Structures are given as C-alpha cells and as structure tokens.
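Right, one structure below, let's go through it.
Remember, it's a predicted structure, so these values are computed and weren't measured experimentally. These values consider heavy atoms only, across backbone and side chains, with no hydrogens, waters or symmetry-generated copies.
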Amino acid sequence: MAGEGRRAAGALEAEVMTVLQRAGRPLNAADVQSLLADDLAYTTVVTILSRMHAKGLLTREKDGRSFRYAPVSDEPGLVARRMHRTMAAEPDHQAVLARFVDSLSDQDEQLLRDLLDGR
C-alpha cells in the first residue's frame, strides 16, 4: 500500500530534534543519521536538517565541507517560539490571549499570574 510505513508530518523533525537535544553538542548529518532509529538515507537527513535550520529550529556551524547542527533552544523554548510566531501572525492579539487564558486550568492560570508578577 502506498504510504505504508510513512511517518506523520513532523515526526521525523521531532526524532531529529530529540537526537540533537540528547547529544548536548552540535552534530553533523552522519552523526544524526547513525543515532536515528531508522535507516534513513544520508541525503534525507541532510534535507531535514537544512529545512529545520531554514525554519529557525537549528543553528549550524561550518565543519570542513559539511555543517554541525544544534537546537536553538530546549523543548520549552521551542514551544514558546511557536506560540510567539502564532501570535505574531494574528492581528487581534487581545482576542487570542483572552481565548488562551480562558482555556487554562486554574493551576495554569495561577502559574501565569505568578510569572507575570515576577514570582
């Protein structure tokens, strides 16, 4: 069947991000390829790393003829970046924030209040 065994959208990026975060140091495409669970082609790994870099998820530094990649942030930082990008795309920030706050649990709302108060 066509598409059998294919990953869900974003799943490969998530796997690559996990590998890079666990490494704790910049890795080249060959390093990432060797640490991924599946046998992916080297060119596939290079493509996903390049796309993640273009999206601002990874930094890269030249290393000979290739690059070494590292996450720009930890997982909470990446989620915060996505939230910020979403907010920036919406013209009515007040409505978006109001809906967001309305959807928070009481505990999360209190946490947000504490963070805003500098606690």
Side-chain angles (χ1 to χ4, degrees):
M1 172 181 5
E4 190 173 289
R6 294 193 58 158
R7 290 176 180 79
L12 181 53
E13 282 188 8
E15 289 176 40
V16 169
M17 187 62 74
T18 298
V19 164
L20 289 167
Q21 287 173 332
R22 286 185 180 158
R25 61 182 173 80
L27 300 176
N28 63 31
D31 295 333
V32 173
Q33 180 188 27
S34 71
L35 293 170
L36 287 170
D38 295 335
D39 290 330
L40 294 173
Y42 177 80
T43 54
T44 301
V45 176
V46 169
T47 298
I48 196 68
L49 289 167
S50 296
R51 287 181 181 167
M52 291 174 73
H53 176 260
K55 290 179 182 181
L57 300 173
L58 303 177
T59 61
R60 72 180 181 190
E61 57 190 45
K62 193 78 170 140
D63 182 30
R65 295 177 54 200
S66 64
F67 292 99
R68 289 193 173 276
Y69 295 87
V72 295
S73 185
D74 58 6
E75 188 61 31
L78 292 170
V79 172
R81 287 172 58 96
R82 285 193 298 270
M83 290 170 64
H84 188 267
R85 279 196 312 268
T86 300
M87 282 291 301
E90 291 297 325
D92 190 352
H93 290 203
Q94 182 176 349
V96 173
L97 285 172
R99 294 260 173 99
F100 176 73
V101 171
D102 284 344
S103 71
L104 293 175
S105 68
D106 291 342
Q107 294 85 1
D108 285 343
E109 184 177 342
Q110 186 57 53
L111 176 59
L112 181 58
R113 289 180 189 281
D114 290 346
L115 290 168
L116 291 171
D117 289 341
R119 292 184 239 156

Could you pull out every donor-acceptor pair under 3.5 Å between side chains of residues 33-48 and any protein atom, sequence neighbours left out?
{"residue": "Gln33", "atom": "NE2", "partner": "Leu40", "partner atom": "O", "Å": "2.8"}
{"residue": "Ser34", "atom": "OG", "partner": "Asp31", "partner atom": "O", "Å": "2.8"}
{"residue": "Asp38", "atom": "OD2", "partner": "Arg7", "partner atom": "NH2", "Å": "2.3"}
{"residue": "Thr47", "atom": "OG1", "partner": "Thr43", "partner atom": "O", "Å": "2.9"}

Applying the 4.5 Å side-chain criterion to the ILVMFWY set and letting contacts propagate, would Phe100 and Leu115 be lumped into a single cluster? no
Is Val72 reachable from Val32 through a run of I, L, V, M, F, W or Y residues, each pair having side-chain heavy atoms under 4.5 Å apart? yes
Taking all non-hydrogen atoms of both residues into account, name the closest pair between Ser73 and Gly77 and its distance. OG-CA, 3.0 Å
Supply the atom-to-atom distance Tyr69 OH to Asn28 CG, rounded to the nearest 0.5 angstrom. 9.5 Å
Do Leu104 and Leu111 touch side chain to side chain, with heavy atoms closer than 4.5 Å? no
For Pro71 and Gln21, which heavy atoms make the closest approach, and how far apart are they? CG-CG, 3.7 Å
Scan residues 83-101 for pairs that pass side chain to side chain donor-acceptor pair (under 3.5 Å), counting only residues two or more places apart or in two chains. none
Between the side chains of Asp114 and Gln110, is a donor N or O closer than 3.5 angstrom to an acceptor N or O? yes
Pairs satisfying side chain to side chain donor-acceptor pair (under 3.5 Å), at least one member in residues 51-67, at least two apart: Glu13-Lys55, Asp63-Arg68
Under 4.5 Å between side-chain heavy atoms, hopping through other hydrophobics if needed: is there a path connecting Met83 to Val101? yes
